[in-house]
Undergrad: 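Let me begin by handing over the structure; questions about it come next.
Please read all numbers here as calculations on a predicted model, not as lab measurements.
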Amino acid sequence: MKIKLFLLASLTISLNAVSQKVNELIIKDINLLTMVNSKVINKKSVLIENGKILKIDDFKNLKKSKNTKIIEGKGKYLMPGLAEMHSHLPVETKVDTLLIENVAAGVTHLRIMNTKTPQLQLKKRIENSPNIITPKLHYSHIIRRDIKYSEIQFDSLMMEIKNNKLSFIKLFSVATEEVFDNLMKSANRNSVTVCGHYPNGIAMEKVINSGFKSIEHLAGYEQISDETLLLNAIKKTKEKGVFNCPTLDWDVMAKDLQYPTEYKNRLIYFNAPKSYLLKWEKEYNAAVEKEGVEKVLLTKEKSLPNFAYKQKILKKLNENNCLLLLGSDAGNSFQMNGFNMYEEMLNWSKAGIDNLTILKSATITPAVFFKEDKIWGTIEVGKSADLIIIEKNPLEDITNIKTIEFTIIDGKVYSKKELLSKL
């Protein structure tokens with residue numbers, strides 16, 4: 001497998017080579033989107049050593065050796081890699097494909113919110129396989145309705161989570177309000193992050209005040225029809241530092257909001273292999289036929305007002321400077337792992353969210369969520385070299401995110417084109 005990079009002396013290196021540690025790498029004369037602010041820093045060069053950003057300067061001022069790899073970045077853009085904050089792992093035999101898809105799309109960090117494969121087993125395999133192509137994974141322990149622990153039992157679980165070095169608890173569903181109370185008291189006492197689905201039947205104010213760190217799908221908020229009550233909940237969300245991960249594109253495809261023809265304009269068409277598109281088209285048409293066109297159109301008509309309300313909620317959260325996370329919740333036809341983040345970005349843009357906020361919600365804000373913002377999430381000296389090279393500037397037009405060419409993880413370079421050719 002070969003990756004063609006624009007290198008001095010037309011150097012070509014194999015994927016196997018760059019999947020190993022590249023000790024010295026310079027990205028030359030590229031425009032920086034640091035995500036520190038909206039400013040574009042034009043024509044700078046970035047020196048990467050041992051997976052870290054060592055120096056940002058003019059090319060002539062950077063040290064070089066015969067072993068230094070140089071990527072020509074003239075006219076292109078460099079920004080932090082994307083963090084996919086709502087991903088589900090498939091069965092074990094399909095996990096590696098999901099990981100490759102995400103890296104090809106520019107995803108360098110991935111938060112696991114559900115899984116059909118044992119996470120600890122996957123974690124061990126990746127730790128023992130340094131050449132595996134993967135984003136940096138943030139593993140979870142998932143709690144469902146069948147868990148009815150006391151505080152003491154949850155304390156034991158918290159110790160197990162810490163010993164296994166899992167990043168957080170994902171709440172899928174909760175048995176009772178008492179179990180929720182036990183969970184949050186124990187998690188707060190043991191400094192373990194809890195996030196996930198809104199626990200149905202529990203008051204919004206209680207959830208926001210509980211220490212629950214991120215709410216998925218705008219659940220809870222969408223049940224509030226009174227404008228004043230919604231604004232109060234949003235203000236309390238800001239006050240308590242609760243994150244929100246809207247996953248609007250799940251609604252778009254699950255409720256057929258782009259039927260009958262709009263789905264053909266999705267950004268997925270720009271990147272997905274033809275075989276994927278043909279498979280999805282077949283699946284989609286079969287699903288519509290089984291459901292019946294009239295029922296599909298009726299579902300769409302009934303769902304559009306709720307989707308518009310979700311867009312309104314997202315905009316109000318942003319207007320009140322609440323913390324937002326970008327996650328795509330891919331899984332339906334015409335949703336592709338990693339690349340579906342582009343669709344979610346476009347959904348946010350249509351809801352009135354500015355491009356800088358959208359991009360920060362996929363880079364530095366996730367790093368803040370994990371309390372790792374001193375390590376990754378922006379382009380700054382000393383931070384991990386988790387980066388993407390883009391042909392066009394997404395700050396000017398959010399759809400330019402689809403022009404990602406290379407993903408860099410800890411200084412390892414991957415070509416989107418080459419990774420996609422292997423799917």
Undergrad: Check this for me: does any side-chain nitrogen of one of Arg125 and Asp96 sit under 4.0 Å from a carboxylate oxygen of the other?
TA: yes
Undergrad: Kindly indicate, with the supporting measurements, whether the criterion side chain to side chain contact (heavy atoms under 4.5 Å, CB included) is fulfilled by Cys245 and Met113.
TA: CA-CA 11 Å; Cys245 188; Met113 298 299 281; over 6 Å; no
Undergrad: Are the side chain of Gln223 and the backbone of Gly220 linked by a donor-acceptor contact shorter than 3.5 Å?
TA: yes
Undergrad: Just jot down the side-chain hydrogen bond (donor to acceptor under 3.5 Å, both in side chains) partners of Ser140, sequence neighbours excluded, or say none.
TA: Gln119
Undergrad: Hey, are the side chains of Cys195 and Ile169 touching, using non-hydrogen atoms and a 4.5 Å cut-off?
TA: no
Undergrad: Report yes or no: does Thr299 contribute a side-chain atom to a donor-acceptor pair with the main-chain N or O of Lys255 at less than 3.5 Å?
TA: no
Undergrad: For the ring pair Tyr414 and Phe406, is the centre-to-centre distance below 6.0 Å?
TA: no
Undergrad: Flag the pair Glu216 / Phe243 as yes when at least one side-chain heavy-atom distance between them is below 4.5 Å, and no otherwise.
TA: no
Undergrad: Does any part of the side chain of Val107, heavy atoms only, come nearer than 4.5 Å to the side chain of Met341, both counted from C-beta?
TA: yes
Undergrad: Quick check: does any side chain N or O of Lys383 sit under 3.5 Å from a backbone N or O of Asp373, one acting as donor and the other as acceptor?
TA: yes
Undergrad: Minimum heavy-atom separation for Leu314 to Pro246, with atom names?
TA: CD1-CG, 3.7 Å
Undergrad: Is the closest basic N to carboxylate O distance between Glu49 and Lys55 below 4.0 Å?
TA: no
Undergrad: Determine whether more than 12 heavy atoms belonging to other residues, nucleotides or ligands lie under 6.0 Å from atom CD of Glu178.
TA: no
Undergrad: So does Lys39 get a backbone contact from the side chain of Asn37, meaning a donor-acceptor N/O pair under 3.5 Å?
TA: yes
Undergrad: As an exercise, state the distance from CD1 of Ile388 to NZ of Lys416, rounded to the nearest 0.5 Å.
TA: 10.0 Å
Undergrad: Between Thr34 (side chain) and Val36 (backbone), is there a donor-acceptor pair under 3.5 Å?
TA: yes
Undergrad: Please give me the minimum heavy-atom distance between Leu33 and Pro80, naming the atom from each residue.
TA: O-CD, 3.3 Å
Undergrad: Is there side-chain contact between Leu230 and Glu227, with heavy atoms separated by less than 4.5 Å?
TA: no
Undergrad: Can we say Lys274 and Glu281 salt-bridge, meaning some charged N sits less than 4.0 Å from an Asp/Glu carboxylate O?
TA: no
Undergrad: With side chain to side chain donor-acceptor pair (under 3.5 Å) as the test, would you mind laying out the steps for Asp249 and Asn347 before giving the verdict?
TA: CA-CA 7 Å; Asp249 203 61; Asn347 289 328; 3.0 Å; yes
Undergrad: List the atom of Trp280, the atom of Ser333, and the distance in Å for their closest heavy-atom pair.
TA: CD1-CA, 3.7 Å
Undergrad: Keeping the roles fixed (side chain from Glu84, backbone from Ser328), state whether a donor-acceptor pair exists under 3.5 Å.
TA: yes
Undergrad: Give the C-alpha distance, both sets of side-chain angles, the deciding distance and a yes or no for ring-ring contact (aromatic ring centres under 6.0 Å, His included) between His138 and Phe370.
TA: CA-CA 9 Å; His138 298 268; Phe370 288 115; 3.8 Å; yes
Undergrad: Has the side chain of Lys315 got a donor or acceptor atom that lies under 3.5 Å from a matching backbone atom of Gly352?
TA: no
Undergrad: So, Asn31 side chain and Asn42 main chain: donor-acceptor pair closer than 3.5 Å or not?
TA: no
Undergrad: Residues in salt bridge (charged side-chain N to carboxylate O under 4.0 Å, His left out) with Lys392, at least two apart?
TA: none
Undergrad: Could you report the tightest heavy-atom contact between Leu395 and Asn355, atom names first, then the distance?
TA: O-ND2, 3.0 Å
Undergrad: Can a salt bridge be assigned to the pair Lys76 and Glu405 using a cut-off of 4.0 Å between side-chain N and carboxylate O?
TA: yes
Undergrad: To the closest 0.5 Å, what do you measure between CD1 (Ile112) and CG (Leu89)?
TA: 4.0 Å
Undergrad: Would a 4.5 Å heavy-atom cut-off, applied to side chains only, mark Ile202 and Pro199 as touching?
TA: yes
Undergrad: Would the number of heavy atoms belonging to other residues, nucleotides or ligands and lying under 6.0 Å from CD of Glu205 be above 12?
TA: no
Undergrad: Apply side chain to side chain donor-acceptor pair (under 3.5 Å) to the pair Asn332 and Tyr284, showing each step before the final yes or no.
TA: CA-CA 9 Å; Asn332 293 300; Tyr284 192 67; over 6 Å; no
Undergrad: Evaluate whether atom CD1 of Ile152 has more than 12 neighbouring non-hydrogen atoms of other residues, nucleotides or ligands under 6.0 angstrom away.
TA: no
Undergrad: On the six-membered ring of Phe369, is Lys213 placed so that its NZ or CZ lies under 6.0 angstrom from the centre and within 45° of the ring axis?
TA: yes
Undergrad: With rounding to the nearest 0.5 angstrom, report the CG to CD distance, Asn340 to Gln335.
TA: 4.5 Å
Undergrad: In terms of side-chain geometry, is the basic nitrogen of Asp155 or Arg189 positioned less than 4.0 Å from the acidic oxygen of its partner?
TA: yes
Undergrad: Would you find a donor on one side and an acceptor on the other, under 3.5 Å apart, between the side chain of Asp226 and the backbone of Thr228?
TA: yes
Undergrad: Do Glu239 and Lys235 meet the salt-bridge criterion of a basic N to acidic O distance under 4.0 Å?
TA: no
Undergrad: For Phe334, is the NZ or CZ atom of Arg266 found under 6.0 angstrom from the centre of its six-membered ring and inside 45 degrees of the ring axis?
TA: no
Undergrad: Would you please indicate yes or no on a ring centroid separation below 6.0 angstrom for His217 and Trp250?
TA: no
Undergrad: Taking side chain as C-beta onward, heavy atoms only, is Arg111 less than 4.5 Å from Ser214?
TA: yes
Undergrad: Is it the case that atom OH in Tyr149 sees more than 12 heavy atoms from other parts of the structure closer than 6.0 Å?
TA: no
Undergrad: For Thr378 and Glu380: C-alpha separation, side-chain torsions, deciding distance, then whether side chain to side chain donor-acceptor pair (under 3.5 Å) applies.
TA: CA-CA 6 Å; Thr378 58; Glu380 296 180 89; 2.6 Å; yes
Undergrad: Output, in order, the C-alpha distance, side-chain angles, deciding distance and verdict of side chain to side chain donor-acceptor pair (under 3.5 Å) for Asp354 and Thr357.
TA: CA-CA 6 Å; Asp354 63 281; Thr357 296; 2.8 Å; yes
Undergrad: Work out which heavy atom in Lys28 is nearest to a heavy atom in Ser45; give both atom names and the distance.
TA: CA-OG, 3.4 Å
Undergrad: Between the side chains of Tyr276 and Glu101, does any donor sit under 3.5 Å from an acceptor?
TA: yes
Undergrad: Closer than 3.5 angstrom, by distance alone: can the side chain of Glu262 be matched with the main-chain N or O of Tyr259 as a donor-acceptor pair?
TA: no
Undergrad: Would you call Glu283 and Lys279 a salt bridge, taking side-chain N to carboxylate O under 4.0 Å as the test?
TA: yes
Undergrad: Do you see a donor-acceptor pair shorter than 3.5 Å between the side chains of Tyr139 and Thr115?
TA: no
Undergrad: What do you reckon, is NZ of Lys116 surrounded by more than 12 foreign heavy atoms closer than 6.0 Å?
TA: no
Undergrad: Is the positively charged end of Lys402 above the ring of Tyr342, judged by distance under 6.0 angstrom from the centroid and angle within 45° of the axis?
TA: no
Undergrad: Is the closest side-chain heavy-atom distance between Leu359 and Met79 below 4.5 Å?
TA: yes
Undergrad: Search all heavy atoms of Val242 against all heavy atoms of Phe212 and return the closest pair with its distance.
TA: CG2-O, 3.7 Å
Undergrad: Measuring from Ile100:CD1 to Lys422:NZ, what's the distance to the nearest 0.5 Å?
TA: 10.5 Å
Undergrad: To the nearest 0.5 Å, how far apart are CG in Asn102 and CG in Asn337?
TA: 5.5 Å
Undergrad: When you look at NZ of Lys417, are more than 12 heavy atoms from neighbouring residues, nucleotides or ligands closer to it than 6.0 Å?
TA: no
Undergrad: Please examine the side chains of Asp410 and Asn50, heavy atoms only from C-beta on, and report whether any two atoms are closer than 4.5 Å.
TA: no
